[in-house]
Amino acid sequence: MHRRSRSPLLLMALTVFIDLMGFGIILPLLPFWAEKLGANPFEVGLILTIYAVAQFLFTPLLGALSDRFGRRPVIIVSLLIEAASFALTALAGSLPVLLIARFIGGIGSSNIGSAQAVVADVTPPEGRARGMGLIGAAIGMGFVVGPAIGGVLAGQGQVVPFWAAMAVALVNALLVLLFLPETRKQRIAQIGASSEPERVQSGGLFGGWQRAFSSPMLARLIGINLLFTLAFTAMEAVFPLFTQQTFRWDATQNGYIFTYVGIVIVIVQGGLVGVLVKRFGERAVLIGGLALLAGGLLLLPVSQSLAVLLIALAILSAGDGAVTPTTSALLSLASPSHAQGETLGIAQGVAGLGRIFGPILAGALFSIGVGLPFAAGGVIVLLALLLALGRFPTRAHGSAQTHMSAPPGAEPVVADSTQVG
């Protein structure tokens, strides 16, 4: 990775880590805060759903805005929106106000496409998966550290974690303002001014939807992103119920096991993905990751001992850790340079549908059979694996880069590798 691109990438990873840490601070406490305001179980679920709906609606929009106006202002404004949502959550005196606060929070957290676009701006094609893995590792670390801090702060008062999360978001916005350079200008300089007029012809802020789904390659990658997110989110939703019935575990043991899952994902995304992609190529790592994720999910229903359970979770966590950054890297390589944020935002927005419907599907299947949600998740990932068997833009690993012809205004992508290992 070029030396000059390292600083923005690490700063972006730090920003994402702080952002997700702030969200993680309040995540375990939201259901109890909602119950205090009179929410029933359905309404508690609605609070999480409305957050995901906001992400579905606004992640593509913020990504498109970052292509038009720059990554830095979009990320700063989104962090300020998040800070406002945390404050409104703390001040909420009724359930409707809490729902509004969480919808606003979903808007503020819709900056992941912009963050991934920063990675695309400052990394060469051969380092794209490694950069996306670093962002994924930052997300995982945020979810590991945040809930632990939230648990400590909850003892100081029920609303203290919300105010702490607001302070974290404000500090994060200040750090971005002071230290994160505008990377979109770097991208324009790299590809030349001749490509910039293409942005005007892209169909406006919502033209990316038509472009993404009219491209078979982008459509398949977005479909893969949706399917594996649906399967993994479904697993997360009912896993505590599974361990309660199988092992008589409570929230404490499940908290430990989710930390274990998070650590495995962080190790894979933060370190192993870059090495594996360099050796085998993005496509092979994506296929291998999907195979691991499917295998781990299919093994879960028969995990009647702790040893087998840990093996199944390690397999599926490693698979998720490999799939997430390679999918994002391939999406970036297949996208025009002037629409990186928009395309990555659309992919994240569509994946939000998986976060909305995954828990619903898992809950319905769990009522039929305890292991059925995991088996169904494994089948869903196998469908994603079938989509991944097609051709994608990636590097011909182990050889000099050979560029494919690219449309006007798009960064040349490198010849795809059809080898799987």
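Computed over heavy atoms, backbone and side chain alike; hydrogens, waters and symmetry mates excluded.
- Using modelled atom types and a 3.5 Å distance limit, the side chains of Ser110 and Gln55 yield no donor-acceptor pair.
- Side-chain contact between Leu99 and Ile47 is present, with heavy atoms from C-beta onward closer than 4.5 Å.
- With Asn172 contributing its side chain and Thr15 its backbone, the two residues share a donor-acceptor pair below 3.5 Å.
- Minimum interatomic distance between Leu11 and Pro181 (heavy atoms only, all atoms of both residues): CD1-CD, 4.4 Å.
- Within the 3.5 Å criterion, the main-chain N or O of Pro240 finds a donor-acceptor partner in the side chain of Thr243.
- Under the 4.5 Å side-chain criterion, counting only non-hydrogen atoms from C-beta, Gln269 is not in contact with Leu134.
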Could you go through Val308 and Gln304, starting from their C-alpha distance and side-chain angles, then the distance that decides it, and tell me whether this counts as side chain to side chain contact (heavy atoms under 4.5 Å, CB included)?
CA-CA 7 Å; Val308 177; Gln304 300 300 311; over 6 Å; no

Test side chain to side chain contact (heavy atoms under 4.5 Å, CB included) applied to Met132 and Gln116, step by step:
CA-CA 7 Å; Met132 294 297 180; Gln116 290 178 328; 3.9 Å; yes

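- Taking 4.5 Å as the limit, some side-chain heavy atom of Leu79 sits within range of a side-chain heavy atom of Asp19.
- Residues Leu292 and Val323 form no side-chain contact, since every pair of their non-hydrogen atoms from C-beta on lies 4.5 Å or further apart.
- Trp33 places a side-chain N or O within 3.5 Å of a backbone atom of Thr89 that can act as its donor or acceptor partner.
- Between Phe239 and Phe258, the distance from one ring center to the other falls under 6.0 angstrom.
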Run the side chain to side chain contact (heavy atoms under 4.5 Å, CB included) check on Ile100 and Phe103 step by step: do they pass?
CA-CA 5 Å; Ile100 292 171; Phe103 186 82; 5.7 Å; no

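- Of all heavy-atom pairs spanning Val268 and Gly321, the tightest one is CG1-C, 3.6 Å.
- In this model, no donor atom of one side chain and acceptor atom of the other lie less than 3.5 Å apart for Arg130 and Thr123.
- In this structure, Phe179 places its CZ atom where only 12 or fewer heavy-atom neighbours from other residues, nucleotides or ligands lie under 6.0 Å away.
- At a cut-off of 3.5 Å, with distance as the only test, no side-chain donor of Arg355 or Thr233 sits close to an acceptor on the other residue.
- Listed for the Ser66 side chain is a donor-acceptor partner under 3.5 Å among the backbone atoms of Gly63.
- At a threshold of 4.5 Å between non-hydrogen side-chain atoms, the residues Ile139 and Val266 do not count as touching.
- What you find for Gly363 and Val238 is that their closest heavy atoms are N-CG1, 4.0 Å.
- Two residues are said to be in side-chain contact when any heavy atoms from C-beta on lie closer than 4.5 Å; Ile287 and Phe280 fail this criterion.
- For the 3.5 Å distance criterion, the side chains of Ser332 and Arg128 qualify, holding a donor opposite an acceptor.
- Within 6.0 Å of the CZ atom in Phe357, the count of heavy atoms belonging to other residues, nucleotides or ligands does not exceed 12.
- Between Phe23 and Tyr51, the two ring planes are parallel [angle under 30°; tilted spans 30° to 60°].
- Rounding to the nearest 0.5 angstrom, the gap separating the CG atom in Leu300 from the CZ atom in Phe242 is 6.0 Å.
- In this structure, the side chains of Asn225 and Leu221 stay at 4.5 Å or more apart for every pair of heavy atoms.
- Residues Arg184 and Asp121 are not paired through a salt bridge, judged by the lack of any N-O separation under 4.0 Å between the basic side chain and the carboxylate.
- With hydrogens and angles ignored, the 3.5 Å screen pairs no side-chain donor or acceptor of Glu342 with any backbone N or O of Asp67.
- Side-chain atoms of Leu226 and Thr229, non-hydrogen and from C-beta on, never get closer than 4.5 Å to each other.
- Partner of Leu290 under the side-chain contact (heavy atoms from CB on, under 4.5 Å) criterion, out of Leu227, Asp320, Leu385: Leu385 alone.
- In this structure a side-chain-to-backbone donor-acceptor pair under 3.5 Å is missing from Ser328 to Pro325.
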Please test Ile26 against Arg102 for side chain to side chain contact (heavy atoms under 4.5 Å, CB included), starting from the C-alpha separation and ending with a verdict.
CA-CA 11 Å; Ile26 73 163; Arg102 297 322 303 147; 3.7 Å; yes

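- Among residues at least two apart or in separate chains, side-chain hydrogen bond (donor to acceptor under 3.5 Å, both in side chains) pairs with a member in residues 74-86 are Ser78-Asn111.
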